[in-house]
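Report on the structure given below.
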Amino acid sequence: MEHKKSEKLYKEGLKHLVGAVNSPVRAFASVGGNPLFIKKAKGSKIVDVDNNKYIDLVLSYGPMILGHRHKKVEKAIAKSLKNGYTFGASTKNEIKLAKIVCDAFPNMDKVRFVNSGTEAVLSALRLARAFTGKDKIIKFAGCYHGHSDALLVAAGSGLATLSIPGSKGVPNDAVKNTLIAEYNNLESVKQHIKKHQDIAAIIIEPVGGNMGVVLPKDGFLKKLSDLAKANNILLIADEVMTGFRSKFGGAQEIFDVTADITCLGKVIGGGFPVGAYGARNEIMEMVSPLGAMYQAGTLSGNPIAMASGIATLTELKKQNPYKKFNKTAQKIEGYLLKSAKKYDIDLTVNRFGSMINPFFTSDEVTDFKTAQTSDTNKFGIFFWEMINNGVFLPPSQFEAWFLSTALTKKDIEKLAIAIDNAMKKVASHN
Ligand SMILES: *Cc1c(COP(=O)(O)O)cnc(C)c1O
């Protein structure tokens, strides 16, 4: 497989863009080699500038749940384009999408649209602080909540628990109110609560998706929710990845927990920049113009993005693909484990609905620490052999593979063969 044109664009891109990318994971740093440049995509496939075609399990890191260029979404966008691009005033479609979103989450009376998951989360934190009048927040090691200052902690290492910033440029002052707990460890949350009076919120990815897929243990979320309630702390569910993806009502529907504030992104815009945060009236009425918590956006609720979101969520609701996603993911898990066993490779597979993650480790992966036991070199070899076999995966051991409704039976068969070839390649490097 040739990547000549990608290589050429990469070199050119390096001159004008930082690392030739606009988001770091796209740089392929953790799998070695240079990034591919994409020309186009349709359905379950994505095509690079050298005309190599891949089954796409990246899906832009989640948003393209219906596959690329779904007919109904494309039609809705085309129709909306004719009316203009942005007005800086309210439109009917904002209400329509808000209704769909609020109906999906039981604890959400009102929603505010923003332009990214990062924005949704940083606004939700501000809201929790405004509502409770308290400053501290608890986040979990390994959970990613976008790149705002207060949350760029413990997206990283063992030092994480000491609240050391995970990025240069984040002042210690910005993270001094961020407390770190261990995912799936209620005791670690209790200890913070015992020690600190002024905790406004606990923020969590109800299913971890940014340390690889990590599931909550039985009862963990329920107990966390009870603990928060008992201490007048708001629970913020960051469902930017899981919202609409593994169930229409997100992970909260599956685990039967309701957070006080829910953050959304990715799927909600169907490929356009949309994020959202929502809660019950009492909380949302704190937000300007009803209340004194300020948050704004020139392009928030952008008409084209709203049209794309409405069409995507409407079609998703109609198709209700969640059972099928589970079955497909189960199948893929089977292929992974079978091939790993065949070639004597340590592998643990975690999955949640349409998100699946093979970890190159024999350990059970239940939190950030256990995820870190994975052999990332093996993943790198696996990744490139999957590319050679026509499968586009996220270029990191710690990113979920995403399924779309556009995947065909033939794709799945091809995937099984690719997986076997890639495992064989991994074994040959042992
Ligand atoms: C992707 C993601 C974000 C950040 O969203 P952006 O749109 O990239 O800013 C926040 N939280 C979670 C759980 C995510 O997966």
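First listed ligand is number 1; within each ligand, the first listed atom is number 1. Everything quoted here is computed from the prediction, not taken from an experiment.
Here E205 has side-chain heavy atoms under 4.0 Å from ligand 1, and that is the only part of it that gets that close. Residue E239 does not touch ligand 1, judged by heavy-atom distances below 4.0 Å. The side chain of N210, and not its backbone, has at least one atom closer than 4.0 Å to an atom of ligand 1 (non-hydrogen atoms only; side chain from C-beta on).
Between W401 and F382, the ring planes lie parallel to each other; the angle is under 30°, not in the 30° to 60° tilted range. Classification of the F383-F28 ring pair by plane angle, with boundaries at 30° and 60°, yields perpendicular.
For the residue pair T91 and E94, a side-chain donor N or O sits within less than 3.5 Å of a side-chain acceptor on the partner.
Taking 4.0 Å as the cut-off, K266 counts as a neighbour of ligand 1 on heavy-atom distance.
Formation of a donor-acceptor pair under 3.5 Å by the D109 side chain with backbone atoms of N281 is found in this model. Using a distance-only test at 3.5 Å, with no hydrogens or angles considered, a donor-acceptor pair links the side chain of S308 to the main chain of G269. Y322 places a side-chain N or O within donor-acceptor distance of the main-chain N or O of F244, the cut-off being under 3.5 Å.
Ligand 1 has an N or O atom lying under 3.5 Å from an N or O atom of G117, backbone or side chain. Geometrically, ligand 1 and E119 share no nitrogen or oxygen pair separated by less than 3.5 Å. At a 3.5 angstrom cut-off on N or O pairs, T118 counts as close to ligand 1.
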